[in-house]
Amino acid sequence: MPKYIFVTGGVVSSLGKGISAASLAKLLQCRGLKVTLLKCDPYINVDPGTMNPYQHGEVFVTEDGAETDLDLGHYERFLNVDMHHTNNFTAGQVYETVIAKERRGEFLGATVQVIPHITDEIKGRIRMAAKGHDVAIVEIGGTVGDIESLPFLEAARQLGLEVGKDSALYFHVTLLPYIKASEELKTKPTQHSVGKLREIGINPDIIVCRSERPISPELRAKIAMFCSVHKDSVIQAPDVSTIYEVPVVFQKQGLDEQVLMVLRTRASQMDFEPWKNLVDRLKNPKYEVRIALAGKYTEIKDAYKSVDEALIHGGVAHDARVRIKYVDTTGPAADVDAALEEADGILVPGGFGDRGIEGKLRAVQVARERGIPYFGLCLGMQLAVIEFARNVLKLGAANSTEFDQKTRYPVIDILPEQKAVTDKGATMRLGSYPCAVRKGSLAHKAYGSLTVSERHRHRFELNNKFRRLIEEGGLQVTGVYQPKNLAEIVELRDHPWFLATQFHPEFKSRPEAPHPLFASFIGASLDRARSRRGKGQETYAK
Ligand code: GLN
């Protein structure tokens, strides 16, 4: 029977609940337990696929093609295991299922209500995802006190009652704000949010306090007393330079022991050395490389989360710190040029819609003409093809039909089956597809394999009518989804490193297993740093 840990958030959002949950999961995994994580999102959207990054940050895609919350990316990266569509569900999905059941007559005679029908559906989904694991960590989105999250908290309370005291643990992540004027960390908001939890029948077992500064033993004792937990169960989570350090910070405070004690679970000795070494490598790299990420959501931190992380992992593979510079492509081309000046490598990530497209095309052109390593992801590949068609093949009006439906040269086009799609939700080409890699290509060298499988999220594809022309010009298709003969990877001949993928390799990169293409891209960028700044100058200056 799985044990359950419910993770709630207090005081404010954006406390890094997902990272705390993933870090706890990592510790339990290192103690030999089979752990899974789930995220419950209290919003009405069926999934985040239709939200824009301003609302939601990145949409993370799983192997089985679910468009999910970006916390699932953290779960995969920390645990180094794949998540599935069952690991993330929303209020929208829950209500959709319950209403469909009502229409089928499954509740005949009953009034369908939040309690028990909605809460039963929530519990059923949690139990299903937990099956086959020793521990399921269930993160409940939102902040305690929100109207939306109430049914989820109620379901967590009920589930705890059903499985019994030793099988459920409540883990509350909260904020201790620092008041400059009095030079104090304040506990009152935490007391209030724990009070709110108690009102609905949940007593937290562990309190994780996010704070800018260290918490004194006295303050810890105070929180313990007011919140009715043991003082060893008050865990500090100060800001750290890399998110991957959070499990180390937790372990030092004995969090794994605390949790195992509450859950009365026996586990093996901690096998934590590999993770600690990884954190050491991340914190003390020998080299430094500068990557320009040219996109339109450069002002929101979470919009390109998996790309940022995959770049960092690529750095780990080369003992290099990756400095990411976000280049806003919505401004004038001259600004883009100037921003790319210092770049050792240029990356154009995925995207939708035509805002910022010309700036991104400019970034591709700069990379191609100046021999700067270029990595294009999804839209970044489509733009590499468009730029090549326009400026090398001299097809001036070349475009994607996403941006110009009547273009004379639709080098990127929508497949007929996508044209027929009317609903926008969950209808893209999504999830994992196999890709056959061309022998001797850059991709082949990086992967060390001729067949790979990668995750997708797009509607448009390279138009095969132009494929020969493009290949003869020197932009080669080196990866193909054979059943439909779709181009998956393109590479430029006579360039130090110019590779772009129709899929999203960033979703599969893990700190313990950097993605081969990201590692190869960082390697090439580091080579450029060495040749430009002189060998030795790429050394990271502390
Ligand atoms: N907008 C493009 C498409 O739908 C690219 C999508 C993406 O970059 N994820 O094909």
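Residues: numbered from 1 along the sequence shown. Just so you know, ligand 1 is whichever comes first in the structure, and atom 1 is the first atom listed for that ligand. Bear in mind the structure is a predicted one, so any value in this text is a computation, not a measurement.
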Counting from 1, what ligand 1 atoms have a heavy atom of [X] closer than 4.0 Å?
X      : result
His504 : 9 (N)
Gly350 : 8 (O)
Cys378 : 5 (C), 6 (C), 7 (C), 8 (O), 9 (N)

Please determine which of Phe375, Tyr374, Phe518 meets the ring pair (Phe, Tyr, Trp, His ring centres under 6.0 Å) test together with Trp497.
->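 Result: among Phe375, Tyr374, Phe518, Phe375 is the only option passing the ring pair (Phe, Tyr, Trp, His ring centres under 6.0 Å) with Trp497.
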
Report yes if some N/O of [X] lies less than 3.5 Å from some N/O of ligand 1; otherwise report no.
X      : result
Leu379 : yes
Arg459 : yes
His458 : no

Lys/Arg-Asp/Glu bridge criterion (N-O < 4.0 Å) met for Glu512, Arg281 = no

Any cation-pi pair here, [X] with [Y], using under 6.0 Å and within 45°?
X      : Y      : result
Arg77  : Tyr244 : no
Arg429 : Tyr433 : yes
Arg455 : Phe507 : no

Tell me, which protein residue and heavy-atom name are nearest [atom], and how many Å apart are they?
atom                    : result
atom 2 (C) of ligand 1  : Glu402 OE1, 3.2 Å
atom 9 (N) of ligand 1  : Arg457 O, 2.8 Å
atom 6 (C) of ligand 1  : Gly351 O, 3.4 Å
atom 10 (O) of ligand 1 : Phe460 N, 2.8 Å

Would you tell me whether Glu58 and Ser306 have side-chain atoms, one donor and one acceptor, within less than 3.5 Å of each other?
-> yes

For the pair His456 and His458, name the ring-plane relationship: parallel under 30°, tilted 30 to 60°, perpendicular over 60°.
-> tilted

Could you go step by step and tell me if Phe171 and Phe6 meet the ring-ring contact (aromatic ring centres under 6.0 Å, His included) rule?
-> CA-CA 6 Å; Phe171 182 98; Phe6 297 99; over 10 Å; no

If you measure from each heavy atom of Gln382 to ligand 1, is any distance below 4.0 Å?
->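 Gln382: in contact with ligand 1 (<4.0 Å).
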
